[in-house]
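Convention: sequence-line order gives letters A, B, ...; per-chain numbering from 1. Here the structure is a predicted model, which is why all the values come from computation and not from measurement.
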Number of protein chains: 2
Amino acid sequence: MITMGDVARIAGVSASTVSHVLNGTRKVDTVTRQRVEAAIEETGYRRNVVARSLAAGRTHTVGLSISALTNPYFGSLVHAVEQALSDAGYVLIVGDSHDHVESEKRVTDSLLDRQVDGMIVAPAAGSERLTLPEITRTGTPLVLIDRGVDIGCDQVGPENFSSARALTKHLLDRGHRRIGVVRGLAGISSTTERFDGYCAALTGRGIAVEDTLVLDGESSTDVAEREVHALMSGENRPTALVSLNNAMTIGTLKAVRGLGLSIPSDVAFVCYDDFEWADLFEPRLTAAAQDVETIGTTAVELLLRRMRGDDGAPHQIRVPTTFHHRNSCGCT
Amino acid sequence: MITMGDVARIAGVSASTVSHVLNGTRKVDTVTRQRVEAAIEETGYRRNVVARSLAAGRTHTVGLSISALTNPYFGSLVHAVEQALSDAGYVLIVGDSHDHVESEKRVTDSLLDRQVDGMIVAPAAGSERLTLPEITRTGTPLVLIDRGVDIGCDQVGPENFSSARALTKHLLDRGHRRIGVVRGLAGISSTTERFDGYCAALTGRGIAVEDTLVLDGESSTDVAEREVHALMSGENRPTALVSLNNAMTIGTLKAVRGLGLSIPSDVAFVCYDDFEWADLFEPRLTAAAQDVETIGTTAVELLLRRMRGDDGAPHQIRVPTTFHHRNSCGCT
DNA sequence: CTGAAAGCGCTAACAA
DNA sequence: TTGTTAGCGCTTTCAG
């Protein structure tokens with residue numbers, strides 16, 4: 001391996017000068033610089049970022065713990081984050097927590113061990129007692145993404161409550177009174193907030209929330225499919241359904257299709273989360289779409305600010321969703 | 001920051017002993033070990049992987065350069081790779097090349113600077129003259145993924161030629177003679193091979209490949225949509241279409257829908273690449289599905305082998321696709 | 001079974 | 001404008 005020392009020797013300067021031309025950290029005479037550059041060119045020297053990180057005390061690296069890389073939603077998130085970071089000269093290390101605290105702990109520990117300069121976490125349920133305290137303890141700048149947690153740190157996520165309420169209201173406006181709901185994974189804020197939005201819409205019209213109409217799809221499309229299947233094949237089924245995240249939507253649609261029911265004539269449907277290819281689904285889904293791009297870039301902005309030393313009060317940012325009015329709700 | 005020295009002092013041993021209990025690299029008396037473990041516990045010590053990497057000469061890190069993180073196909077690939085690596089004790093650093101060599105060069109340079117122990121690359125067009133040689137020069141183990149390049153190194157990708165041929169044949173078997181094709185990005189092997197498969201099917205039946213029926217969607221669904229729109233709204237349009245990757249499929253379907261045509265009655269359709277939610281599309285697509293999981297894990301296997309020092313002849317692995325016979329082709 | 005000591009390749013005072 | 005030097009925190013011979 002060619003080191004800075006080699007380059008220095010060939011250029012007839014000190015290692016420190018080579019370092020400075022490489023980093024532009026102090027003025028170097030044009031001639032000397034050219035000699036150094038020539039030597040670099042000649043040897044094909046590459047800086048060793050590991051050594052650099054150790055000496056400088058920062059790695060220019062940011063860790064991201066995400067809960068499900070296979071979910072296209074998170075795919076876009078990773079992309080947005082990666083983009084914003086690389087623009088700022090950082091690289092991204094990703095880990096998948098599979099929405100499981102133990103797994104998340106492994107991921108974040110490994111990230112911490114690698115001396116990441118900052119960390120973005122989409123917390124799993126239970127995160128606040130196992131992994132987040134440890135991150136805070138090390139003093140690593142942290143921003144939470146997607147889901148909130150009751151802890152004093154920067155957070156950015158989608159607007160949940162009023163978006164879910166708006167979806168539900170839309171169904172009410174169309175005359176539906178028995179509206180089923182399919183919730184996502186229990187124990188995370190987005191599930192709770194969206195469900196609260198659903199409840200608020202109902203009670204706002206003087207309709208009680210009926211337990212039998214509340215389904216838990218956990219995080220799995222399969223579970224959602226089973227639950228919806230059961231509900232929709234029973235007596236006295238609802239005339240409309242609202243799904244609270246994209247995985248639940250898939251499960252719901254499969255169940256409905258499996259029963260030979262059609263949307264919206266047999267049952268109206270609206271959902272939280274949009275799909276890139278929503279236009280190709282049949283029926284076209286009325287949905288509240290998250291602005292994943294903005295969520296990702298905002299998270300990075302907040303993080304960079306902290307990494308630069310800002311220690312003001314934590315920000316909690318909610319990115320609004322967009323209502324896509326298509327026809328699964330029964331409107332034409 | 002608490003260092004190994006601190007732990008050593010508290011435990012009343014040398015740093016070297018602490019290192020050995022941490023890594024299990026030599027026998028340590030039970031009592032001493034316990035003292036060390038107590039000190040670690042007490043101080044909340046975390047190993048510094050950066051220092052460790054510098055001293056040991058390896059980072060336990062693998063780089064992945066991917067062409068489009070937003071494409072769900074690559075999302076699953078990243079997931080499979082991350083999983084396999086983390087099982088083997090490595091962490092993944094991802095970079096997005098946006099299917100552009102210059103961008104790819106930046107990504108891989110940064111990965112190389114960070115001393116990754118190995119690298120997985122989904123090469124962009126032009127990779128073989130700009131970025132791959134540099135990787136090879138540094139001696140970093142490399143495996144190519146998704147697309148092949150004419151260079152002597154490990155590669156793993158989907159089967160392209162005969163899968164595309166089979167799709168096209170299926171259309172021919174149903175009596176179609178004028179079959180349009182929508183190609184992906186020019187200059188990458190998967191595009192070429194799949195197109196060759198299409199041609200082989202036609203010429204195998206004595207049908208000439210007609211230029212006007214060959215569309216280039218580049219990498220963009222928008223371009224694909226425009227091209228298909230033009231073709232299908234012209235005179236003498238084909239009776240069937242084959243799309244050669246998922247982005248092209250989206251574009252094609254949008255164009256067809258936009259024209260008010262229906263599949264398969266107005267035009268039959270088959271595609272390379274499946275969608276996770278293919279069942280919810282209307283019509284349900286007849287497709288050749290890649291086994292992304294296997295591609296990812298195989299790539300990691302090959303890489304780990306190289307990283308362990310194997311320097312046998314390069315492997316070129318083709319993972320077969322699965323033919324999903326649904327009804328966009330016109331079969332019931 | 002354990003410790004001392006020499007680096008890994010680089011950065012950043014401090015001097016000159 | 002440049003060089004010298006002392007680390008960064010760890011691994012790993014080599015002795016004991």
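- Here the range on DNA chain D touched by chain A, meaning any atom under 4.0 Å from one of its heavy atoms, is D:dT1 to D:dG9.
- Residues satisfying the side-chain contact (heavy atoms from CB on, under 4.5 Å) criterion with A:H315, sequence neighbours excluded, are A:D154, A:L302, A:R305, A:R306, A:I317.
- Of the residues in residues 15-28 of chain A, those lying under 4.0 Å from DNA chain D by heavy-atom distance are A:S16, A:T17, A:R26, A:K27, A:V28.
- Not counting sequence neighbours, B:D291 has no partner by the salt bridge (charged side-chain N to carboxylate O under 4.0 Å, His left out) test.
- Residue pairs that meet the ring pair (Phe, Tyr, Trp, His ring centres under 6.0 Å) test with at least one member in residues 14-68 of chain A, sequence neighbours left out, are A:H60-A:Y90.
- When the P atom of C:dC10 is taken as reference, atom CZ of A:R46 falls 12 Å away, rounded to whole Å.
- Checked against side-chain hydrogen bond (donor to acceptor under 3.5 Å, both in side chains), A:E134 has the following partners two or more places apart in sequence or in another chain: A:R137, B:R46.
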Polar atom pairs (N or O), protein with nucleotides 6-8 of chain C, under 3.5 Å:
from, atom 1, to, atom 2, distance (Å)
C:dC8, O2, B:A55, N, 3.2

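- Using five terminal pairs a side, the axes of the helix from C:dC1-D:dG16 to C:dA16-D:dT1 at its two ends make an angle of 30°, given in steps of 10 degrees.
- Residues satisfying the side-chain hydrogen bond (donor to acceptor under 3.5 Å, both in side chains) test with A:S14, not counting sequence neighbours, are A:T17.
- A donor-acceptor pair under 3.5 Å is absent between the side-chain atoms of B:Q115 and the main chain of A:V50, judged by distance alone.
- Listed by residue number, the members of residues 34-43 of chain A with any heavy atom below 4.0 angstrom from DNA chain D form an empty set.
- Evaluation of the ring pair (Phe, Tyr, Trp, His ring centres under 6.0 Å) test over residues 91-149 of chain B, restricted to residues two or more places apart or in two chains, returns A:H79-B:H98.
- Among residue pairs with one or both ends in residues 101-157 of chain B, none qualify as ring pair (Phe, Tyr, Trp, His ring centres under 6.0 Å); sequence neighbours excluded.
- Note on A:V49: nothing from the nucleic acid sits closer than 4.0 angstrom, heavy atoms only.
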